[in-house]
Amino acid sequence: MSFTKDFAWGVATASYQIEGAAYAADKGLNVWDVASMTPGRIFEGHSGDVGCDHYHHVKEDVEIMRRMGVRAYRFSVNWARLMPDGIGRISEDGKRFYLELLAALKDAGITPWMTLFHWDYPYALYLRGGWLNPDSPAWFEEYAGVCAQLFGDYVDHYILINEPQCFIGLGHSSGGHAPFLKLPDSEVLRCSHNVLLACSLAEKKIRSVVHRPVMIGTAQAYWPALPLREEDYELAKEETFACHEDFGSVNFWMDPLVFGRYPEQFTPWFERNGLRPAAADLALIKSKLDFCGLNTYSGNYVTRKEGKIVYPDPQPTVPKTDMRWNVYPDSLYYPPKYLYERYALPIVYTENGVALAEWKDVNGEINDDSRIDFVKRYLRALHRAAQEIPVLGYFYWSLMDNFEWAEGFSKKFGLVHIDYQTGERTLKKSAYWYKKVIESNGEEIFR
Ligand code: GCO
């Protein structure tokens, strides 16, 4: 058995991480543009002002994907590039840029998967309270409608938001990402609720604007508990869905969207923090999602010892990526099953990949064998899952080295190396290997 014939073999990027051109034409600022102006927030003062400069290399980057045989490309729209004030006015330049990208993808035979929001929140809306503002769902709905209207002829696959766990959890609660807020849980829960309302309004809006069947989902940061032994499966699943009183769980976000209710185990936490969601809100939040998009890099093993739940520390032999994330290929086997059992939605790996400490060698090559090994191991696990549950696609994070948020350009996830001085693109050994994976519809991972 192999991956389905129309499996979406893809690569992923996000606007702020690759576009650069932060001050092009009438683009509005976003919270990451502004965050990078404050010293101490981002590694060695890096910013996405220029970075990979994808804005000026868009044709070349699509050509690279074509050469790699990529079938699907997940990218995001920079909200304030398209709508400088977040709502109202549309930028002609922003519109032109994304239409140019979409036309190039079409020529190259690559299916676009468009993320509406990958963290670069318009600064103009942030100044009006951002996700705390009760109007924020309607702002997002308007923006989603504009995207559907302008790009709907090209786009059948929509990812409403990327990783609410991070832009809300890290961005508004623990303060490690833009807008670098440390709000009390009561306020962060309001933000979260508005994000869910925003998703549901956007989902309905897109379907009403694009008059044909489209696929709509979200991309969730999913860092699951893994069964140490086969018999720990149910325990690991329960732990994954438990309330840890933070914003990191996947069911905290997915249950309301799929079932129209928050997970029961979260109620005591909500009550302590004054969140009493109105029944009408929950009915509205319930959305029609077509797939469950997941971003997974690793997880934590769990087991039971003498009746107690324990998370054993990894053995020193466990390989770690340059993010210090443990290489646990099981993360792509058990966890998609937990979610399919819960939501009965087909799974899409909207992100998976590895950061390595690497550089161009004296011959101008990047022989990233460890990346090939990482993807091979994770894809073997996913292949095993795909024998049991529907899996529609896999997007390697990322097409190119890019701006890794607070880590700046210090972490390299790309299949393509970027020289940030010259803008030169160089395919790494893994890019050629991934091409073979795609051409063989996955058979290459068993070689
Ligand atoms: C996220 C984002 C990506 C990251 C990637 C590697 O998960 O943080 O979706 O933008 O760059 O996951 O950390």
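Values reported hereafter were calculated over all heavy atoms of this structure, with side chains retained and with hydrogens, waters and symmetry mates removed. All ligand and atom numbering here is 1-based and tracks the order in the structure. These numbers were taken from a predicted model, which means no experiment stands behind them.
For the salt bridge (Lys or Arg N to Asp or Glu O under 4.0 Å) criterion with Asp401, the lone passing option out of Lys428, Lys411, Lys412, Arg425 is Lys428.
Residue contacts with ligand 1 for Lys411 are absent, since no atom lies close enough (heavy atoms, distance under 4.0 Å).
Closest protein heavy atom to atom 10 (O) of ligand 1: Gln17 OE1, 2.6 Å. The shortest contact between atom 5 (C) of ligand 1 and any protein heavy atom is with Tyr297 OH, 3.2 Å. What sits closest to atom 7 (O) of ligand 1 on the protein, heavy atoms only, is Glu163 OE2, 2.4 Å.
Of all atoms in ligand 1, listed by their number and element, those nearer than 4.0 Å to a heavy atom of Trp325 are 13 (O). Listed by number with element, the atoms of ligand 1 under 4.0 angstrom from any heavy atom of Phe413 are 6 (C), 13 (O). Close contacts between ligand 1 and Asn162 involve ligand atoms 2 (C), 9 (O) [criterion: under 4.0 Å to a heavy atom]. Of all atoms in ligand 1, numbered sequentially from 1 with element shown, those under 4.0 Å from a heavy atom of Asn295 are 9 (O). Heavy-atom proximity to Trp119, at under 4.0 Å, picks out these atoms of ligand 1: 1 (C), 2 (C), 8 (O). For ligand 1, the atoms sitting less than 4.0 Å from at least one non-hydrogen atom of Trp397 are 3 (C), 4 (C), 5 (C), 6 (C), 10 (O), 11 (O), numbered in the order shown with element in parentheses.
Of all the listed residues (Glu351, His177, Met323, Glu407), Glu351 holds the heavy atom that lies closest to atom 3 (C) of ligand 1.
Under 3.5 Å, the side chains of Asn326 and Ser298 contain no donor-acceptor pair of N or O atoms. In the model, Glu351 has a side-chain atom that pairs as donor or acceptor with a side-chain atom of Tyr297 under 3.5 Å.
Note that OH of Tyr73 is 10.5 Å distant from CG of Leu102, once rounded to the nearest 0.5 Å.
Of the N or O atoms in Glu404, one or more lie within a sub-3.5 Å distance of an N or O in ligand 1.
Taking the six-membered ring wherever Trp is involved, the centroid distance between the rings of Trp119 and Tyr126 does not fall below 6.0 Å. The aromatic ring centres of Phe395 and Trp397 sit 6.0 Å or more apart. Between Tyr311 and Tyr301, the ring center distance fails the sub-6.0 Å criterion. The distance between the ring centers of Phe374 and Tyr378 falls below 6.0 angstrom.
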